[in-house]
Participant: 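One structure, as structure tokens, below. Some questions next.
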2 protein chains.
Amino acid sequence: MNPTKRCAACKYLRRRCPKDCIFSPYFPPTDPDKFACVHRIYGAGNVSKMLQQIPVQARAEAVESLCFEAKCRVEDPVYGCVGIISLLQTQIQKTQSQIAQTQAEITIAQTQSSQFM
Amino acid sequence: MNPTKRCAACKYLRRRCPKDCIFSPYFPPTDPDKFACVHRIYGAGNVSKMLQQIPVQARAEAVESLCFEAKCRVEDPVYGCVGIISLLQTQIQKTQSQIAQTQAEITIAQTQSSQFM
């Protein structure tokens, strides 16, 4: 067992990396921060438990979304990625007002246009 | 110590609820699911650790966002609330195309209108 071949998770947890390691396909040793971040927010046990409950083919996407949420929570401990949802919702509301206004303008312009046609 | 006065977290963890319980202001005994959900995703220790690192006046909001993320993760184990972010981003892209189209239409209408003025 070559310790340099351990995945980032097993390296972080200072354990040997088993052949069927649940973390190793998603946490390469070249990116140690990725595991450190999810470990800090969820804990290794919870991440492992969550991955076990997900079909293998969906695990890579689950890891990406967990890492994204964990990174957001580290950067914004109060709102995490819910802060992004709020920002996007505000942006949608503004854009919807903009559409309503633009549609009102188009109605006026079309009315003016039809008066002369 | 009246056990019925324990907060939802201490009740869930089967422990006495201390006077300075970090969970009790945010997890009333009337809503046991709220704690069960964050406990399932983050674990009680991580939630407690995260709350301790946040100023008291921001903790209620942090609990709400953690509960929201946990609920999303329980409902959608692969994407969690990142799925909502993707949906909102798609909605914004659609709306932006709609605006561009509407703005093109208004330009046409205004041009037609100005030809007759």
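Letters A, B, ... mirror the listed sequences (proteins, then strands); counts begin at 1.
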Participant: Quick one, A:Q103 and B:E105 - any side-chain contact, counting heavy atoms below 4.5 Å?
Facilitator: no
Participant: Apply the test side-chain contact (heavy atoms from CB on, under 4.5 Å) to residues B:C81 and A:I85: give CA-CA distance (whole Å), side-chain angles for both, the deciding distance (0.1 Å), then the verdict.
Facilitator: CA-CA 9 Å; B:C81 76; A:I85 293 179; 4.0 Å; yes
Participant: A:D76, A:V47, A:L66: which one forms the most heavy-atom pairs within less than 4.5 Å of chain B?
Facilitator: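 If we count pairs closer than 4.5 Å to chain B, A:L66 comes out on top.
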Participant: Given a strict heavy-atom distance threshold of 4.5 Å, which part of A:R73 is in contact with chain B: side chain, backbone, both, or neither?
Facilitator: side chain
Participant: Going hydrophobic residue to hydrophobic residue with side-chain gaps under 4.5 angstrom, can you get from A:Y42 over to B:Y79?
Facilitator: no
Participant: Is B:I41 close to chain A through its backbone or its side chain, or both, or neither, when contacts mean heavy atoms under 4.5 Å?
Facilitator: both
Participant: When heavy-atom pairs shorter than 4.5 Å are enumerated against chain B, which of A:S65, A:C72, A:S86, A:G80 gives the highest number?
Facilitator: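 Option with the greatest count: A:S65.
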Participant: Check each atom of B:F68 against the heavy atoms of chain A and say whether the ones under 4.5 Å are side chain, backbone, both or neither.
Facilitator: side chain
Participant: Which atoms of A:L51 come close to chain B, meaning under 4.5 Å heavy atom to heavy atom: side chain ones, backbone ones, both, or neither?
Facilitator: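 Neither part, no heavy atoms under 4.5 Å.
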Participant: Once ring pair (Phe, Tyr, Trp, His ring centres under 6.0 Å) is applied, do any residues pair with A:Y26, and if so which ones, sequence neighbours excluded?
Facilitator: none
Participant: So which part of A:Q98 gets closer than 4.5 Å to some heavy atom of chain B, the side chain, the backbone, both or neither?
Facilitator: side chain
Participant: When only pairs under 4.5 Å are counted, which of A:I92, A:T95, A:T102 shares the most heavy-atom pairs with chain B?
Facilitator: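 With the most close heavy-atom pairs to chain B, the winner is A:I92.
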Participant: Go through A:V78, A:V82, A:I84 and name the one with the most non-hydrogen pairs under 4.5 angstrom from chain B.
Facilitator: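 Top option by heavy-atom pairs under 4.5 Å: A:V78.
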Participant: Please identify, among A:T107, A:L88, A:V63, the residue contributing the most non-hydrogen atom pairs under 4.5 Å to chain B.
Facilitator: A:L88
Participant: Quick one: do A:R40 and B:K49 satisfy side-chain contact (heavy atoms from CB on, under 4.5 Å)? Show the steps, please.
Facilitator: CA-CA 10 Å; A:R40 183 170 157 190; B:K49 212 165 55 188; 6.0 Å; no
Participant: Using every non-hydrogen atom in the two residues, find where A:P77 and B:A62 come nearest and quote the distance to one decimal.
Facilitator: O-CB, 4.1 Å
Participant: Could you tell me if the side chain of A:Q96 sits less than 4.5 Å from the side chain of B:Q91, heavy atoms only?
Facilitator: yes
Participant: Tell me, side chain or backbone of B:E61 under 4.5 Å from chain A's heavy atoms, or both, or neither?
Facilitator: both
